Each structure stands twice: as C-alpha cells, then as structure tokens.
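Predicted model, so just to flag it, every value in this text is computed and none were measured.
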Amino acid sequence: MSDPQQPYEPERAVAGTGMGGQMDLGASEAITLEKTPESPDGTGPQDKPRSLWSDAWHDLRRNPVFIISALVILFLIVISIWPSLIASGSPLKCDLAKAQEGSQSGHPFGFNGQGCDVYTRTVYGARTSVAVGVLATLGVAVLGSVLGGLAGFFGGAGDAILSRITDVFFAIPVVLGGLVLLSVITSNTVWPVIGFIVLLGWPQISRIARGSVITAKQNDYVQAARALGASNSRLLLRHIAPNAIAPVIVVATIALGTYISLEATLSFLGVGLKPPSVSWGIDISAAAPYVRNAPHALLWPSGALAVTVLAFIMLGDAVRDALDPKLR
C-alpha cells in the first residue's frame, strides 16, 4: 500500500485491487490497464465483430477472381444498356457483297454469311443474353425462394407435395423440354425463353431455400423469438430469411451463367429467339455451316458467350467462398 505521507507524484497512479484494497502502479502500468483489448495476432486494438455480410464483402474486395469477374460483368451490363457506345452501326444492316469477308477498316471482326458486321452483332447480342440471364435468374430466385422457404418453415403435407413436384421437374431434360415447349410458341420476344427457364429452374433454388430455412429455424435465436411471441411472418422475414438467403444467392449467381448458355443453346437449335432478333446463339447457328470459309463469324460470338458464362461462374464461386464459413 502507498504511504499517506508520501507526496503525490504525477507519474504514479493508484488502482483498486478488486478486494477492497489498493495497489501503487507506475504511470505506464496504469495506462496499460486502460488500453482496449488487442486482436489475437497482437497487431492492434481488436475490431468490433463483423457480420457475415460485412465479413464477406471484406474478403471479396481482396479476391482477384471477384474483381476481374465483376469488371467483366460491369462492362457487359454497360454495353447491354448502351451498345452504341462502342458500336456505331446497326446489327440488322447487311451487305451480301461482303459476305464472309474478313477483317476490314471499321469492321474488325469481319462479316458473316449474310454480309452483316460481326462486331456490331456481337456487341448487340450481349443485350439479349444478359437480359435473359438476369430476368430468368430473378424469376427463378423469387419463385424458388418463396415456395421452398414456406415449405421448409411450415413442413407438413405442403412440404411433401412440393418435394414430389420438384422430383417431377428434375426428371424433365432441359433441352428436350425446351424443344417441345418452345416449338409451339411463335412469339419473337425474350419472354417465352425466360418463362421456360423459370419453369424448369425454380426447383433447384426451391430445394436450396428449403434446406437453408430448415437449418435456420432450429437456431436458438429463432426459438427465443418464438418463445417471446413473434409471429410466423416476423420469424420468416426478420430472423430466418436474412440468415438463410446466402446459399440462394450463391446458387443463383452461378446459375445465371448457365441460363445465358441455355438461351444460346435453344436459339442455336431454332426454338429460342428467332431472326430478326440479335443473339449470340442465332449468330453461332448461322455461322456453323460456313465455319471452314469464315471461321471468324463463329469465333467471336462463341468467344463472347464463353467469356460471359465464365465471368458469372467465377463471380458465383467467389461469392460462395466468401459466404461459406467452412472455407475460411
């Protein structure tokens, strides 16, 4: 204990021992007691714990795969909305006198079998592919999440019926189903293709959402909210959905690239989009018979399709790695 007769020294401090007594500390020791806890690695003050989403964003910003794929997708979205920024011509303007000719000044990708500028059609084709992929993914995610989430939360007969319905849809071959369903539709818009993709794509998201909701509703915080009298709607929207949506986002992001590829496949087979619509699948189908004489007409739309699908798949993989705690 300190001597009451000892003069006060600024560099000394008195701290309680926690048991009614006091102990004399040096200034440096007193300051140490006031410091905030350091992080486990000892590099500095411990940060406030981050949520799953902020932690995922922290990892994504440092992931080169995410950065590259996001930049590619951003570029595709920009040229889909404003294709005239990098392509001044019309994708429907063709000159048969230039059919199958190679690269020329002002036409870096050459011309296809109908004499259309391959560069312009490749740029404008991004609009159709991105629109189909994004709208179909939104429809699939919303429909599958709602049905699967409700089935997983309430269970019972509704859950059993939904499970059997999804089994039926999983048994339908996608391409064969497209050939059968879209061959009887004469519309020349993107909506029949989007509707077909949503029709056959929702069961996958539904099962993911169902399993995620079943896992989330068993957590202690959900049981505590239920014990406090929270309604079913509040449990779903405030407690379960924010913690069960991550797997749905990951699967939907990866599936977006698959839907773009599916649209191109159906258009290639002649049951998806049809001329005069501009689509990478249509251009690939038109260039296939002339691949020996004009390979460039097939190369550029095929390359654009491959890069687009790869970018969305890479983005989905990066998001999955960031949102899955088991991979940390």
Below 3.5 Å, can you tabulate the donor-acceptor pairs from side chains in residues 151-162 to any protein atom, sequence neighbours excluded?
{"residue": "D159", "atom": "OD1", "partner": "R210", "partner atom": "NE", "Å": "2.6"}
{"residue": "D159", "atom": "OD2", "partner": "R210", "partner atom": "NE", "Å": "3.2"}
{"residue": "D159", "atom": "OD2", "partner": "R210", "partner atom": "NH2", "Å": "3.0"}

Just distance, no hydrogens or angles: give the donor-acceptor pairs under 3.5 Å from side chains in residues 225-236, sequence neighbours left out.
{"residue": "S231", "atom": "OG", "partner": "S233", "partner atom": "OG", "Å": "3.2"}
{"residue": "S231", "atom": "OG", "partner": "R234", "partner atom": "N", "Å": "3.3"}

For residues 81-100, which side-chain donor-acceptor pairs fall under 3.5 Å, sequence neighbours excluded?
{"residue": "S90", "atom": "OG", "partner": "L92", "partner atom": "N", "Å": "3.3"}
{"residue": "D95", "atom": "OD1", "partner": "A97", "partner atom": "N", "Å": "3.2"}

Please output the side-chain donor-acceptor pairs of residues 299-310 that fall under 3.5 Å, not counting sequence neighbours, one pair per line with the distance.
{"residue": "S302", "atom": "OG", "partner": "L298", "partner atom": "O", "Å": "2.6"}
{"residue": "T308", "atom": "OG1", "partner": "A304", "partner atom": "O", "Å": "2.8"}

What side-chain donor-acceptor pairs closer than 3.5 Å can you find for residues 244-251, not counting sequence neighbours?
none

Could you go through residues 103-113 and list every donor-acceptor pair under 3.5 Å that involves a side-chain atom there, pairing it with any protein atom two or more places apart or in another chain?
{"residue": "S103", "atom": "OG", "partner": "P108", "partner atom": "O", "Å": "3.1"}
{"residue": "Q104", "atom": "NE2", "partner": "E101", "partner atom": "OE1", "Å": "2.3"}
{"residue": "N112", "atom": "OD1", "partner": "Q114", "partner atom": "N", "Å": "3.0"}
{"residue": "N112", "atom": "OD1", "partner": "G115", "partner atom": "N", "Å": "3.1"}
{"residue": "N112", "atom": "OD1", "partner": "C116", "partner atom": "N", "Å": "2.8"}

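Open room surrounds OH on Y290; 12 or fewer heavy atoms of other groups in view lie less than 6.0 Å from it.
With rounding to the nearest 0.5 angstrom, the CD1 atom of I79 is 5.0 Å from the CG atom of L76. Atom CG in D321 sits 7.0 Å away from atom CG in N63 (nearest 0.5 Å). Atoms CG and CD1, on L181 and I172 in that order, are 7.5 Å from each other to the nearest 0.5 Å. Note that OG of S206 and CG of L150 are 9.5 Å apart. Values are rounded to the nearest 0.5 Å. Atom CG of residue L147 and atom CH2 of residue W202 lie 5.5 Å apart, to the nearest 0.5 angstrom. With rounding to the nearest 0.5 angstrom, the CG atom of D59 is 10.0 Å from the OG atom of S54.
For S80 (side chain) and A126 (main-chain N/O), a donor-acceptor pair under 3.5 Å exists by modelled atom type. A distance-only check finds no donor-acceptor pair linking the side chain of K217 to the backbone of T215 [under 3.5 Å]. Remark: side-chain polar atoms of R62 are paired, donor with acceptor, to backbone N or O of H58 under 3.5 angstrom.
The two residues A136 and I197 have their closest heavy-atom pair at CB-CG2, 3.7 Å. Across I205 and A252, no two heavy atoms sit closer than the pair CD1-N, 4.1 Å. Heavy atoms only, all atoms of each residue included: A311 and V72 are closest at CB-CG1, 3.8 Å. The minimum heavy-atom distance between L273 and S267, with the atom names listed, is N-OG, 3.2 Å. R61 approaches I67 most closely through the heavy-atom pair O-CD1, 3.5 Å. Summarising the geometry of F66 relative to A318, their closest heavy-atom pair is CB-CB, 3.8 Å, with the distance given to 0.1 Å.
In this structure, L143 is not a member of the same hydrophobic cluster as V146, with clusters built from ILVMFWY side-chain heavy atoms closer than 4.5 Å. Linking ILVMFWY residues whenever their side-chain heavy atoms come closer than 4.5 Å, directly or via other members, places I194 and V271 in the same cluster. By the criterion of side-chain heavy atoms lying less than 4.5 angstrom apart, applied directly or through intervening Ile, Leu, Val, Met, Phe, Trp or Tyr residues, V132 is grouped together with V78 in one hydrophobic cluster. I282 and Y124 fall into different hydrophobic clusters, where Ile, Leu, Val, Met, Phe, Trp and Tyr are joined by side-chain heavy atoms under 4.5 Å apart, directly or via other members. Side-chain heavy atoms closer than 4.5 Å link hydrophobic residues (I, L, V, M, F, W, Y) into clusters, and following such links, even through other members, never connects V168 to V198.
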Mind running side chain to side chain contact (heavy atoms under 4.5 Å, CB included) on T258 and F312 for me, showing each step along the way? CA-CA 9 Å; T258 305; F312 280 104; over 6 Å; no

Between N243 and V222, does a side chain to side chain contact (heavy atoms under 4.5 Å, CB included) hold up when you go through it step by step? CA-CA 11 Å; N243 296 281; V222 176; over 6 Å; no

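Contacts classified as ring pair (Phe, Tyr, Trp, His ring centres under 6.0 Å) and involving residues 213-238 (residues at least two apart or in different chains) are not found.
Judged as a side chain to side chain donor-acceptor pair (under 3.5 Å), and not counting sequence neighbours, T265 has no contacts. Residues satisfying the side chain to side chain donor-acceptor pair (under 3.5 Å) test with T120, not counting sequence neighbours, are D117. Every residue was checked against the salt bridge (charged side-chain N to carboxylate O under 4.0 Å, His left out) condition with R127, not counting sequence neighbours, and none meets it. Listed by chain and residue number, D167 satisfy the salt bridge (charged side-chain N to carboxylate O under 4.0 Å, His left out) test with R164 (two or more places apart in sequence, or in another chain). Applying the side chain to side chain donor-acceptor pair (under 3.5 Å) rule to S69 yields no partners; only residues at least two apart in sequence or on another chain are considered.
In this structure the side chain of V140 reaches within 4.5 angstrom of the side chain of Y259, judged on heavy atoms.
Among the candidates T137, D317, I73, L315, the single residue satisfying the side chain to side chain contact (heavy atoms under 4.5 Å, CB included) test with T253 is L315.
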